[in-house]
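Heads up: the structure comes next, in structure tokens.
All residue numbers refer to positions in the sequence shown, counting from 1. A quick note: this is a predicted structure, and the numbers were derived from the prediction, not measured.
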Amino acid sequence: MDKIARLFVRRLRHLARREARRIALRNGLLEASIVDVEGHLLCSYTPAFDTTRLTGDPVGDGAWFRRNFGLWLVAPKEASKPSANAGGNVVTMEMADAPLALPLLAFPRRRSGAIVQDAVLANGIDRRAYAVGLVDRAAAAPLVSHIVSALILARAVESGGRSLREIAYALTRVAPVVTLHAPLDGFEREVVRLLEKSRLMPGGPFAVIDADHMFDDNHFDVYEGEVRKRLVVFSGAGVHRVTGNALRRRMISALSRDFPILAIAEKRSDIPSLLRISADLSLETGKLDRRLVADLVEVLYPDTVIEKLGLPSDSDARWLSLEDLVLAFRPGRHVRDALSVVATLIERNRDDFEEEDGDGGGGGDKASGSTSSNSSTERASGSDEKPKPSENDGNGRWKKDKPSGAEVIQPEPLLTADETGHKPPLTVETLSGYGQARDWALDLKADLDDYRASILAWSEMSTKLLLSGPPGTGKTTFARALCNSLQIPLVVTSVSTWLQGGHLNDVIDKMAKTFIEARAMAPAILFIDEIDGIGKRQPAEREYADYWNAIVNKALELLDGAVKSEGLIIVGATNRPGDIDEAIKRSGRLETHIEIPKPDVPTLAEILAHHLGDDVTSLIREPAADLQAEADDGFSLRKIVADHLKEKAEDERKGAGR
């Protein structure tokens, strides 16, 4: 778990303990005094209940405290208030609005003849601090939904590239504007609830004002008696409905009253450009992954050994939503039971996707014009666009958010020096005939090591490559070998996979989600096959020009965003480099263009020797006369290999002679 996630979780727990102490003080379990410590005024708590029963055993004392005083830690406005007799047994319940007397177990004050107690327990523990600690331990744990939301917010802060000091400064301005995006079901609702119910963020908890209902300034009159700080929220699809002058008026109306603004959406295109431009802070993150599930387990089950649990892989975890984690990790449930529910939800979501994907709903001719030109332009202009968690397929059925269709390939572990008898994985170092592409990959490997050692900045590395060449020259093989050499995940997709959606908004959604999924696994390689399928921008008078121009513009936008995203290596492959828009090949995008030619005779011999190993000699066991006869007739694999082995042996002999 990273430092920011630990900070957020620690703050949630601190807020729970602080609230428990305040309720205990209000209900008479604790007394408080203000002390001056080196110029700082601090609140010092003292137990107001009889501590002579305490033994120093945290388990036994905690059970005794919760049994006798657990209800005293419930806020007076939310529960009835108990009265206790001298033996500590609850005998009556008073109504919430009735005055609450101190518990009868409270020992008399010193001025009226205090009960003399030792300052420490029998085992040397400070009695006062230990008794107050019982209140802390009896405090209600933070909600699972709050913890999950805090972890996702920490992930967004981490990926934002700004220091925590800068973020805190932006949030504590008089009226900051913040945009927040994550493609997770329930993200909008849970984060808004976290801001309403907790003090995790500076200035919280907030009184949330839904900007979708701000038709005029009279809407603020409802909140005149509110003591909490007000927060204007543009949430979800409601943000996209408020456009033009209406959006401008609502923003000015909020900012003129010094109300902070939050634009939160599960689909980035739902955040209008005016909000993005005026934002003091823009945060976003991707799908769930294995690390976030591991962080959640670490928070909820601190004594659990993570390595011994069957956590879902990154490719499986991306099928989960925030709501799935809240359903699975309920208080009191064993960690293995929770992970079993997680596994079941992953399978269920995957099956739902496959079933919906096969029903043929929502299809259509991709150039049929079913998407209007205005809608096409609007969707194409939004960067990093992602679909909402639900979309109507046109037949009245509602479909879940679907992954991009990209395949995730994990690198094969490299063999150690003492491992023999195993076939080594395919790596760039063992490839033959790749020339400049091989040199580029080896330079990238060295640069990646320097980047991990904080010697080299990501912007100084060459991380974008366009591979071209005739079919069968091994462009996909190169990507697989690069994955093994760099030991990072490989995300494989193609333009034809993107175009399966048909309608323009579906195609753009798939393109954007592919980049998001790849960034979530960073450092990672994104391999885009058949990239020439994106085509070139067309003149406005050409048929379907809006459709193809929107796709090209979206590709340019995503490639520009990938340049700013550390950890993402992009390799595009094509058989027809001339059919690609020149802007895609400009500096900052796929600027490095390397052509892979067909293998020549020496390269072919090296390829055969690599794949066949010792078995390559079986090709040249025929008599020399047969080899010469085949050579006279034309192409001969056996003669090629024989010549290669002969040249190799001659080179080794000359090297030994030196």
Q | Nearest heavy atoms of Glu266 and Gly186, plus distance in Å | A | OE2-N, 3.2 Å
Q) With sequence neighbours left out, what residues match Tyr130 under side-chain hydrogen bond (donor to acceptor under 3.5 Å, both in side chains)? A) Asp61
Q.
For a salt bridge (charged side-chain N to carboxylate O under 4.0 Å, His left out) check, start with the C-alpha distance between Arg193 and Glu196, then their side-chain angles and the critical distance, and finish with the verdict.
A. CA-CA 5 Å; Arg193 184 181 301 169; Glu196 280 186 307; over 6 Å; no
Q: Enter the distance from Arg199:CZ to Arg228:CZ here, rounded to the nearest 0.5 Å.
A: 10.0 Å
Q: State, with a plain yes or no, whether a side-chain heavy atom of Arg6 is found less than 4.5 Å away from one of Glu298.
A: yes
**Q.** Smallest separation among heavy atoms of Val35 and Ser44, with atom names
**A.** CG1-CB, 4.2 Å
Q: Apply the side chain to side chain contact (heavy atoms under 4.5 Å, CB included) test between Met511 and each candidate in Ile516, Asp506, Leu558; give the one that qualifies.
A: Leu558
Q) Parallel, tilted or perpendicular: which describes the rings of Trp64 and Phe69, with under 30° parallel and over 60° perpendicular? A) perpendicular
(Q) So that I can tick it off, tell me whether Arg155 and Asp2 are bridged by a salt bridge, with the cut-off set at under 4.0 angstrom between side-chain N and carboxylate O. (A) no
Q: Can you measure from CG (Leu29) to CG (Leu25) and round to the nearest 0.5 angstrom?
A: 9.5 Å
Q. Atom CG in Leu300, atom CG in Asp295: separation rounded to 0.5 Å?
A. 11.0 Å
Q. Is Arg519 close to Glu284 at the side-chain level, that is, under 4.5 Å between some pair of heavy atoms?
A. yes
Q | Test side chain to side chain donor-acceptor pair (under 3.5 Å) applied to Ser159 and Thr285, step by step | A | CA-CA 7 Å; Ser159 61; Thr285 186; 4.9 Å; no
Q) Can you list the residues that meet the side-chain hydrogen bond (donor to acceptor under 3.5 Å, both in side chains) rule with Asp136, with sequence neighbours excluded? A) Arg21
Less than 3.5 Å apart, which donor and acceptor atoms pair up between the side chains of residues 334-344 and the rest of the protein, not counting sequence neighbours?
residue, atom, partner, partner atom, Å
His334, ND1, Arg336, N, 3.1
Thr344, OG1, Ser340, O, 3.0

Q) Atom CG in Leu171, atom CD in Glu166: separation rounded to 0.5 Å? A) 12.0 Å
Q. Just how far is it from atom CZ of Arg257 to atom CD1 of Ile209, taken to the nearest 0.5 Å?
A. 9.0 Å
